[in-house]
Amino acid sequence: FRLGCFQAAHGEQIAGMTSKSALLKVILLGDGGVGKSSLMNRYVANKFDSHLFHTIGVEFLNKELEVDGHHVTLQIWDTAGQERFRSLRTPFYRGSDCCLLTFSLDDSQSFHNLANWKKEFSYYADVKDPDGFPFVVLGNKLDVPERQVSGEDVRKWCRENGGHPYFETSAKDATNVASAFEEAVRRTLALDDRADHLIHTDTVDLQRKTAHEPSCC
Ligand SMILES: Nc1nc2c(ncn2[C@@H]2O[C@H](COP(=O)(O)OP(=O)(O)OP(=O)(O)O)[C@@H](O)[C@H]2O)c(=O)[nH]1
Ligand SMILES: [Mg+2]
């Protein structure tokens with residue numbers, strides 16, 4: 001499931017580039033209407049539409065950013081949260097480097113559904129160890145006064161389900177939106193460092209092997 005990332009990292013080594021640049025795929029999941037498209041639009045275009053249509057299938061947008069000195073192209077995949085679009089979104093989970101589990105703070109059912117979203121993602125993205133995968137939890141619509149979910153309950157769920165980071169966001173007034181995406185990048189790059197190490201080890205092994213065998217190509 002992390003093949004895309006491995007290839008990017010390997011490509012850099014072959015090309016001998018000095019600065020690190022990676023394409024990271026991050027996917028937004030959560031119930032219909034929680035604000036996934038609004039979060040993506042706020043982050044990428046700095047726009048907000050109070051009468052957005054439900055997404056059908058998936059859409060993606062790219063955003064370039066720098067986090068802790070790493071240049072990254074973030075490919076943000078926005079999915080349709082409504083149940084009737086399930087078969088249109090699940091084929092796009094594979095290859096995701098990070099998953100943003102999104103709910104709305106004024107809708108407790110959307111919070112209770114996070115476990116189902118995590119399960120659906122892990123199944124279709126073929127994630128072997130869901131608790132080790134970089135999920136980030138977003139509680140959106142912080143600006144709405146009719147709050148139904150307490151931060152304490154979410155933090156407890158995050159602690160008990162793999163220690164995922166949690167952000168309370170508002171796509172409407174831009175609160176915490178950039179911080180949440182940047183944390184997603186940070187978590188992914190932290191895993192990539194380990195992946196780079198594995199690739200490096202493989203490369204050394206291959207070179208050793210070829211040194212002891214007659215070269216034919
Ligand atoms: N007040 C407020 N409204 C928001 C916020 N984010 C989204 N909305 C509104 O909530 C509604 C649903 O937002 P969307 O971004 O379309 O939700 P979605 O998760 O993409 O929904 P699906 O595409 O059906 O999965 C829209 O009318 C948005 O304007 C927010 O932070 N605050
Ligand atoms: Mg949408």
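Computed from a predicted model, the values in this text were never measured in an experiment. Just so you know, ligand 1 is whichever comes first in the structure, and atom 1 is the first atom listed for that ligand.
A salt bridge is absent between K156 and E152; no separation between the charged side-chain nitrogens and carboxylate oxygens falls under 4.0 Å.
Under the 4.0 angstrom criterion for non-hydrogen atoms, F85 is not in contact with ligand 1.
Under the ring-ring contact (aromatic ring centres under 6.0 Å, His included) criterion, F135 pairs with F121, F133, H164, sequence neighbours left out.
Legend: protein N/O/S atoms lying under 2.8 Å from the Mg ion (ligand 2), waters omitted, number 2.
When heavy-atom distances to ligand 1 are checked against a 4.0 Å cut-off, V144 comes that close only through its side chain, counted from C-beta outward. Using a 4.0 Å cut-off between heavy atoms, N41 makes no contact with ligand 1 at all.
A donor-acceptor pair is defined here as one N or O able to donate and one able to accept, closer than 3.5 Å; such a pair exists between the side chain of K36 and the backbone of D31. Between the side chain of K118 and the backbone N or O of N161 there is at least one donor-acceptor pair closer than 3.5 Å.
V58 is not connected to I56 by any chain of hydrophobic side-chain contacts under 4.5 Å among Ile, Leu, Val, Met, Phe, Trp and Tyr, and they are in different clusters.
Note: F103 and F111 have tilted aromatic rings, judged against thresholds of 30 and 60 degrees for the angle between ring planes.
With no hydrogens or angles considered, a side-chain donor-acceptor pair links T169 and N140 at under 3.5 Å.
Between L142 and ligand 1, no N or O atom pair is found at a separation short of 3.5 Å. Inclusion of S37 in the set of residues having an N or O under 3.5 Å from an N or O of ligand 1 is warranted. Every N/O-N/O distance between A80 and ligand 1 stays at or above 3.5 Å. Here's the thing with D78: none of its N/O atoms is less than 3.5 angstrom from an N/O atom of ligand 1. For the pair H51 and ligand 1, the shortest N or O to N or O distance does not fall below 3.5 Å. Between D143 and ligand 1, a contact under 3.5 Å exists for at least one N or O pair.
Of the protein's non-hydrogen atoms, the one nearest atom 21 (O) of ligand 1 is G33 N, 2.8 Å.
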